[in-house]
Protein chains: 2
Amino acid sequence: MSQSRNEVFRSLADPTRRAIFERLCRDGAQSVSTITAQAAISQPAVSKHLRILKGSGLVQGTIHGRETLYRADVAALAPLQNWVREMTGFWDEKFDKLEDLLKRMDR
Amino acid sequence: MSQSRNEVFRSLADPTRRAIFERLCRDGAQSVSTITAQAAISQPAVSKHLRILKGSGLVQGTIHGRETLYRADVAALAPLQNWVREMTGFWDEKFDKLEDLLKRMDR
DNA sequence: GACATCAATAGCCATTCGGTTATATGAATT
DNA sequence: AATTCATATAACCGAATGGCTATTGATGTC
């Protein structure tokens, strides 16, 4: 389930977490040990990051036997994308207003 | 000048900072005291946040007499937007590969 | 020139964060 | 059943974060 915009932003603030998410996007689902092997940090640290990513909906884990496969959920990036759109939208509105003003000053 | 992707992500991780940036996007340039009046935190705290936002290129300040006007620079959101595009791009590629695989399995 | 106002900086504090090692839990392997 | 492997959790630690008050520096205003 998708979580709050705030949690998504917080999750992606850490470069290690972004790197893990990137890898899952690029290479598809991976086990914790596979992720750990490329992460230069300990397995518990990876598990912690995955927990946070999961909490913000960016990642989902499914248990297969004794290993858990984590996959990225790009749909969880929507709040972020919408926020960016909103911000640039505000800017465009201001630009339109400025255009209107200039038009009004013209006559 | 636009800064690293990392700094943009870090800057936007804090909700107070996002709120300030949002306000500057929505209402245009504002002085530090005006921002402080609506922020529920002290003026030094606001200044600190503005410094960080400035460091990541999200905001620019221009001195006018004894007050400084800060304005949002939405162009600085580009790294974030590009990153999101990249991530969803990876996902699409995987989807394409899956389609190819299914096609190959078909014959 | 004295005084008020605006913003930035310094110094301090509590909390959060990202990492570690040690341990627990649970599934495969022997 | 004993052991090994995969992951999660607990407990801890140092560094970074976000807030505060007090102060400084600089610009208007009287």
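Chain letters run A, B, ... following the sequence lines, proteins first, then strands; residues in each count from 1.
- The shortest distance between the side-chain N/O atoms of A/Ser42 and the OP1/OP2 oxygens of C/dG19 is not below 4.0 Å.
- Scanning all heavy atoms of the two residues, the minimum distance from A/Ala29 to A/Leu69 falls at CB-CB, 4.4 Å.
- Taking side-chain N and O atoms only, B/Arg66 has no distance below 4.0 Å to OP1 or OP2 of C/dA4.
- Dashed line: the shortest gap from a side-chain N or O of A/Thr16 to OP1 or OP2 of C/dG19 is under 4.0 Å.
- Summarising the geometry, the separation between CG on B/Asp14 and C1' on C/dC17 is reported as 14 Å, rounded to the nearest angstrom.
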Expected list for residues 42-50 of chain A: side-chain donor-acceptor pairs under 3.5 angstrom, two or more places apart:
from	atom 1	to	atom 2	distance (Å)
A/Ser42	OG	A/Ala45	N	3.4
A/Gln43	NE2	A/Ser47	OG	3.1
A/His49	ND1	A/Arg17	NH1	3.3

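- As rounded to whole Å, 14 Å separates atom C1' of C/dA8 from atom CD1 of B/Ile35.
- Taking a heavy-atom distance under 4.0 Å as the criterion, the stretch of DNA chain D touched by chain A extends 5' to 3' from D/dT4 to D/dT9.
- A side-chain hydrogen bond (donor to acceptor under 3.5 Å, both in side chains) check over residues 72-82 of chain B, counting only residues at least two apart or in different chains, returns the pairs B/Gln60-B/Asp73.
- Residues B/Leu24 and B/Ile35 have side chains in contact (heavy-atom distance under 4.5 Å, counting atoms from C-beta outward).
- One can place NZ of B/Lys54 at 14 Å from C1' of C/dT9, the figure rounded to the nearest angstrom.
- Whole-Å rounding puts the A/Gln43 CD to C/dG18 C1' distance at 15 Å.
- Place B/Ala13 and A/Ala45 on DNA chain D by their nearest nucleotides, and A/Ala45 ends up nearer the 5' end.
- The phosphate of C/dA8 has OP1 or OP2 within less than 4.0 Å of a side-chain N or O from B/Tyr70.
- Rounded to whole Å, the distance from CD1 on B/Ile20 to P on C/dA7 is 13 Å.
- No side-chain heavy atom of B/Met87 sits less than 4.5 Å from a side-chain heavy atom of A/Arg26.
- Residues B/Thr36 and B/Ser33 have side chains that never bring a donor and an acceptor to within less than 3.5 angstrom of each other.
- Atom CG in B/Leu53 sits roughly 12 Å away from atom P in C/dA8 (whole-Å rounding).
- Protein atom CD1 of A/Ile41 is 16 Å distant from nucleotide atom P of C/dC17, rounded to whole Å.
- The side chain of A/Lys48 has C/dG18 as its nearest neighbour among C/dA8, C/dG18, C/dC17.
- Summarising the geometry, the separation between CG on A/Asn6 and P on C/dT16 is reported as 14 Å, rounded to the nearest angstrom.
- Between B/Phe9 and B/Trp83, the angle of the ring planes goes over 60°, which puts this pair in the perpendicular group of the 30/60° scheme.
- Mapping B/Thr68 and A/Arg10 onto DNA chain C by nearest heavy atom places B/Thr68 at the nucleotide closer to the 5' end.
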